[in-house]
Amino acid sequence: MTDVTTDVIKSASRATADIPTRVLHASAAVTLALSGYIHAQLYLDGYRFIHAIGVMFLIQAAASFAVATLLLAASLLPAPALIQLVAAGAALGALGGFAASRTVGVFGFTERGFQPAPQALLSVLAEVATVLLLVLAAARLLRQRGGISSLRSWRARSSG
């Protein structure tokens, strides 16, 4: 076989082997978009009239849709780690806002339990699913690339 044929075969086998990771990324994009949709719906249903909170819901919705689009596009190609980190950050930020609004409050705004229902519960489930899917994808990639020992050797090379 020629070098070109060998490269094509290796490239195809890597793409096929990476399908589960791509499915995880695509699934995370869907759950992040769902979180964005819920925040947009709540914004339109009345949160837009709550000082500072309304704008935060609109920003969360827009950011979730934008990052979900990037993550979905990246699921078709090798996904840069930065996109995965930003997606996890968007989900974790929404979860943090949810927790803060039910404990210490956010700009004087507080809520109780899983109200409004069912959006609060659905949003939390979507955000937790996003984080879990991205953790699974990262663990899978780390395992494929030699695990923690290869990460440690990379860090040693880059810091030295």
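Scope of the values below: all heavy atoms of this structure, side chains included, with no hydrogens, waters or symmetry mates.
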Ignoring hydrogens, what is the shortest heavy-atom contact between [X] and [Y]? Give both atom names and the distance.
X	Y	value
Gln84	Leu71	CG-CD1, 4.4 Å
Ala87	Thr130	O-CG2, 4.3 Å
Ala61	Gly36	CB-O, 3.3 Å

Does anything in [range] form a side chain to side chain donor-acceptor pair (under 3.5 Å)? List the pairs, not counting sequence neighbours.
range	answer
residues 60-71	Gln60-Ser64
residues 107-124	Tyr47-Glu111, Arg102-Glu111, Ser123-Glu127
residues 90-101	none

At what distance, to the nearest 0.5 angstrom, does [atom1] of [X] lie from [atom2] of [Y]?
X	Y	atom1	atom2	result
Gln41	Leu122	CD	CG	9.0 Å
Phe109	Ile53	CZ	CD1	6.0 Å
Leu72	Ile83	CG	CD1	11.0 Å

All side-chain contact (heavy atoms from CB on, under 4.5 Å) counterparts of [X], not counting sequence neighbours:
X	result
Ala126	Leu34, Ser35
Ala138	none
Val135	Val131
Leu121	Phe114, Leu125

Who else is in the cluster with [X] when I, L, V, M, F, W and Y are joined by side-chain contacts under 4.5 Å?
X	answer
Val55	Ile59
Leu24	Leu133, Leu136
Leu85	none

Single-linkage hydrophobic cluster, 4.5 Å side-chain cutoff, [X] and [Y] together:
X	Y	answer
Leu32	Tyr43	no
Val104	Phe107	no
Leu132	Phe98	yes
Val30	Leu95	no

- Item | Qualifying ring-ring contact (aromatic ring centres under 6.0 Å, His included) pairs with a residue from residues 116-135, counting only residues at least two apart or across chains |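 For residues 116-135, and leaving out neighbouring residues, there are no ring-ring contact (aromatic ring centres under 6.0 Å, His included) pairs at all.
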- Item | side chain to side chain contact (heavy atoms under 4.5 Å, CB included) assessment of Leu70 paired with Val86 | CA-CA 10 Å; Leu70 289 173; Val86 170; over 6 Å; no
- Which pairs pass salt bridge (charged side-chain N to carboxylate O under 4.0 Å, His left out) with one or both residues in residues 53-69, sequence neighbours excluded?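 Listed by first then second residue: nothing to list.
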- Item | pair His25-Leu134: side-chain heavy atoms closer than 4.5 Å |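 Sidechains of Leu134 and His25: in contact.
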